[in-house]
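What follows is a single structure, written as structure tokens, with notes after it.
A quick note: this is a predicted structure, and the numbers were derived from the prediction, not measured.
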Amino acid sequence: MILSCAALETPSLTIDGLTNVFLFFTAGWWTIGNFGEISGTVAIEMDKNAYIHALDTGLFTLGAPHQDDQGPDPPEQFTAIKVSDSRIALKSGYGKYLGINSDGVVIGRSDAIGSREQWEPVFQDGKMALMAANSCFICYNDDGDIVAKNKTAGEGEIVKIRSCSERETKRKDDIPDEDQGNVKNCEINYVKKFQSFQDRKLRVNEEDGNLLKKARTEGNFHEALLDR
């Protein structure tokens, strides 16, 4: 049985008669931008709205292009499993792991993860290519078969890994919650986090906060908090 990830409808914006579908999303499937985001159900887009499609023979082909508001079909969805800090394994809906044979053809007939079933996503300049165990990058040939025979990644080897998992959004500055807000709020946040409330009273230093403002600018904010 092929498992499906529920497709999410992504709204379109119509402005002056032109439809602007959000570039980053395709029917709820967003483009992965780094290795840490690879997890769960994914699809590999090799051409515009065209994905790697698993066949029941254990081979793979380039699927038919979808409309902008359509996500990948169930045979085009895979489970990504991290096997190291830089490599993943991909399991098809048929329960087999994607690998590579001696001819550089991508196959999915293995029940376990071996060296041939490991893939390395390579990110560079906002683009991504997927390297097989033979150190070649995947692409599709003239017959639409998925192969890995090129040692260098050109335009034909550029792919997108898309995910329908809930995407975690991070602050651009990646500042901890305790350090958000003005210096007074920060001090209260740290007092709440570290102070022992034996009498259930919050004790905050009432001294002038200008010293904390100066310390925050100079980069020794946490040390100044401890001194108070």
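I44 places none of its side-chain heavy atoms less than 4.5 Å from the side chain of K160. Two residues are said to be in side-chain contact when any heavy atoms from C-beta on lie closer than 4.5 Å; V147 and V106 fail this criterion. Using a 4.5 Å heavy-atom cutoff, the side chains of I52 and I138 are in contact. A heavy-atom distance below 4.5 Å is not found between the side chains of I158 and F137. Side-chain contact between R162 and T41 is absent, with no heavy-atom pair separated by less than 4.5 Å. In this structure, L55 and Y94 have side chains that are not in contact, with every pair of non-hydrogen atoms separated by 4.5 Å or more. Contact of the K96 side chain with the S110 side chain is not registered, since no non-hydrogen atoms from C-beta on lie closer than 4.5 Å.
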Report the C-alpha distance between I100 and V105 in whole Å, list the side-chain angles of each, state the deciding distance to 0.1 Å, and finish with yes or no for side chain to side chain contact (heavy atoms under 4.5 Å, CB included). CA-CA 6 Å; I100 194 84; V105 177; 5.8 Å; no

Do V159 and M128 pass the side chain to side chain contact (heavy atoms under 4.5 Å, CB included) test, and can you show the C-alpha distance, the side-chain angles, and the key distance before you say yes or no? CA-CA 6 Å; V159 302; M128 198 211 81; 3.2 Å; yes

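For the residue pair S39 and S163, the shortest heavy atom distance occurs at O-OG, 4.1 Å. When all heavy atoms of I32 and V42 are compared, the pair lying nearest together is CD1-CG1, 4.2 Å. Annotation for E155 and K127: closest pair OE2-NZ, 3.3 Å, computed over non-hydrogen atoms. Scanning all heavy atoms of the two residues, the minimum distance from W119 to L98 falls at NE1-O, 3.0 Å. Between P121 and I38, the closest heavy-atom pair is CG-CD1, 3.6 Å. The two residues E157 and T152 come nearest to each other via the heavy atoms OE1-O, 3.9 Å.
Between I146 atom CD1 and I107 atom CD1 the span is 14.0 Å, to the nearest 0.5 Å. To the nearest 0.5 Å, atoms OG (S92) and CD (E76) are separated by 12.5 Å. How far CE of M131 is from CD of E120: 4.0 Å, rounded to the nearest 0.5 Å. Here the CG-CE distance, from L62 to M46, works out to 7.0 Å after rounding to the nearest 0.5 Å. To the nearest 0.5 angstrom, W29 atom CH2 is 10.0 Å from H66 atom NE2. Interatomic distance, CG of D145 versus SG of C139, reported as 10.5 Å (0.5 Å rounding).
A donor-acceptor pair is defined here as one N or O able to donate and one able to accept, closer than 3.5 Å; such a pair exists between the side chain of K82 and the backbone of G36. With N101 contributing its side chain and G104 its backbone, the two residues share a donor-acceptor pair below 3.5 Å. N34 places a side-chain N or O within donor-acceptor distance of the main-chain N or O of E37, the cut-off being under 3.5 Å.
Salt-bridge formation is not detected for the pair E117/R87: no Lys NZ or Arg NE/NH1/NH2 atom is positioned less than 4.0 Å from an Asp or Glu carboxylate oxygen. Contact check on K48 versus D68 returns a salt bridge, with a Lys/Arg side-chain nitrogen under 4.0 Å from an Asp/Glu carboxylate oxygen.
Counted by atom type alone, D73 and Y51 present zero donor-acceptor pairs between their side chains at under 3.5 Å. Q67 and N49 share no side-chain donor-acceptor pair at under 3.5 Å.
Atom CG of D85 has 12 or fewer heavy atoms from other residues, nucleotides or ligands within 6.0 Å.
Members clustered with I113: I81, V83, Y97, by chain and number, using a 4.5 Å side-chain heavy-atom cutoff among hydrophobic residues.
Hydrophobic clustering keeps L90 apart from L59 (ILVMFWY residues linked when any side-chain heavy atoms are closer than 4.5 Å, directly or through intermediates).
Residues forming a side chain to side chain donor-acceptor pair (under 3.5 Å) with K149 (at least two apart in sequence, or on another chain): none.
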